[in-house]
2 protein chains.
Amino acid sequence: MGPKTIERQTGVALWRQIADRIRVSISDGAYDATGMVPPEAVLAAEFGVNRHTVRSALAALAQEGIVRAMQGRGTLIERRDRINFPISKRTRFTPGIGDQARAVEGLLLDSAIEPADADIANHLRLEAGTPVMRLEALRKADGQAVSRSTSWFPLPRFEGIDAAYRKSGSITAAFAACGLGDYLRLRTEISAVHADPGDRDVLGLSPGAIVMIAKALNTDIDGVPVQYAVTRFPADRVQFTIEN
Amino acid sequence: MGPKTIERQTGVALWRQIADRIRVSISDGAYDATGMVPPEAVLAAEFGVNRHTVRSALAALAQEGIVRAMQGRGTLIERRDRINFPISKRTRFTPGIGDQARAVEGLLLDSAIEPADADIANHLRLEAGTPVMRLEALRKADGQAVSRSTSWFPLPRFEGIDAAYRKSGSITAAFAACGLGDYLRLRTEISAVHADPGDRDVLGLSPGAIVMIAKALNTDIDGVPVQYAVTRFPADRVQFTIEN
DNA sequence: GGAAATTTGTACGTATGTATC
DNA sequence: GGATACATACGTACAAATTTC
């Protein structure tokens, strides 16, 4: 691809720009031939910076557990996984990434019954102020956090879905426990922003990291909304695929 | 949403973190009631920083043309558009955003006949090394750059598609000129990364900006690949919608 | 119209972070 | 590691434009 130029005095430190570029290169498999990052001196020359600056970048990546520097040998790539998340009419989280990770868990972080604000009510086709169940969940694949979601469910239809999710770690299973056997993905909106401190904390991201946001509406087979969800995915670990 | 905390000594300047947060708030319509950004002193208190730091953030947004500060009055929001780009079996660029912008243009930046590398050949179901047409295009909506794409087309089927695209500014029209009346979107992959200097240059982005990358495969009605495209969209101007 | 309050613009000084050599 | 240069962030004070009462 393009030249490895970086820009100064932009509000983003050079070492961070370089760390972000190397992270993407690793993710793209650019260094798969050797399983190593090029030597610091080579990277410094490529980016046109001092070797100390490259060292700062690699130290940040080592902190994230992506590389490990070994004296006298070089800098080893520890992890280069990007999970693919398929989106379709039958979008489900766990089976969707099931064959890409050994262990998939869903953790209930928080839940509460709250009056629906105008936006949520509109999506779920309720009157504003109607009580809804809000559910915050964290999903992990092989121990790595891959998404952080906030969902809203209409009440009283899905009373107790929080307890069911806590037990099963799966939305599909929690729906089944509430008597909903099948559901469909009606619409998904995808955007991307910088991770906020909450994302960094919950998902274990570094500052300046990117999260992709999927806003999704699920309905039952009759087209009645059953869930509106806003899910935040770390962009360096996840990508989406839409099959038509 | 969450608290407006920001983090220090992370390689990303506070003013840039704050600029990014305000840009998203504007995009989300958080300030639509007044059409103004809150006063500098209020923002400074919210983010827990000095007023000068907020001023740096607003200066960056003013540079992007998103806000305009007016002495004694406040800081006016100039632009808060996020174009929605629908993805479906019949995904097309121009009609897809047609009702959201008055003028949509497609500019041919570059084109060349090249041997397909392994990745491109695999997507287009060709032998590696087979000549293909590579086409670089920039798309604008109301004068604002909204995407930068690189497409590959099999030859000799689409010989001259670059000239047809230059004339029409539309892939659909260029396909028609080559005798292809209809085509389907088979698969789309979506990821997000930091804008590289090329993106910033071509799309007019600020450093640290985010681009969403859509890798798309189009086929004719018989399922034969006709185009593989990698398109980069500025995340602060575009979102995707998938309707199932 | 005039005074006060609000809000952005400018200026100086100090401390710390970043990057080079 | 030390010296140097520049960017970042804070603190304070006051000027200039606009709104409010």
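The basis for the numbers below is simple: all heavy atoms, side chains too, and nothing from hydrogens, waters or symmetry mates. Numbers restart at 1 for each chain; the letters A, B, ... are given by sequence-line order, proteins then strands. Bear in mind the structure is a predicted one, so any value in this text is a computation, not a measurement.
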(request) Would you indicate which nucleotide in D/dT8, C/dA19, C/dT8 comes nearest to any side-chain atom of B/A13? (result)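 Given the options D/dT8, C/dA19, C/dT8, the side chain of B/A13 is closest to D/dT8.
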(message) Looking only at the side chain of A/W15 (C-beta and beyond, no hydrogens), which of the listed nucleotides C/dT7, C/dA19, D/dT18 gets closest?
(response)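 The nucleotide sitting nearest to the side chain is C/dA19.
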(request) Inspect the contact between B/R139 and B/E105 and indicate whether a charged nitrogen and a carboxylate oxygen are less than 4.0 angstrom apart. (result)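 The answer is no: the pair does not qualify as a salt bridge.
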Tell me: [atom1] of [X] to [atom2] of [N], nearest whole Å?
X     : N      : atom1 : atom2 : value
B/E40 : D/dC10 : CD    : P     : 14 Å
B/Q71 : D/dC14 : CD    : P     : 17 Å
B/R51 : D/dA13 : CZ    : P     : 14 Å

Report yes if a side-chain nitrogen or oxygen of [X] is closer than 4.0 Å to either non-bridging phosphate oxygen (OP1 or OP2) of [N]; otherwise report no.
X     : N      : result
A/T53 : C/dT20 : yes
B/R55 : C/dG9  : yes
B/N50 : D/dA9  : no

(request) Using a 4.0 Å heavy-atom cut-off across all strands, classify B/T75 as base, sugar-phosphate, or nothing. (result)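 Here B/T75 touches the backbone only, sparing every base.
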(message) Is a donor from one side chain sitting under 3.5 angstrom from an acceptor on the other, for A/T241 and B/E189?
(response)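 Looking only at side-chain atoms, B/E189 and A/T241 do not form any donor-acceptor pair under 3.5 Å.
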(request) Determine the minimum heavy-atom distance between B/S151 and B/A229, stating which atoms define it. (result)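 Smallest interatomic distance, heavy atoms only, reads OG-CB, 3.5 Å.
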(message) Ring-plane angle category for B/F240 and B/F233, please: parallel below 30°, perpendicular beyond 60°, tilted otherwise.
(response)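 Correct class here is perpendicular.
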(message) Distance criterion of 3.5 Å, no angle test: do you see the side chain of A/H52 paired donor-to-acceptor with the base of C/dT18?
(response)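 No, no donor-acceptor pair under 3.5 Å.
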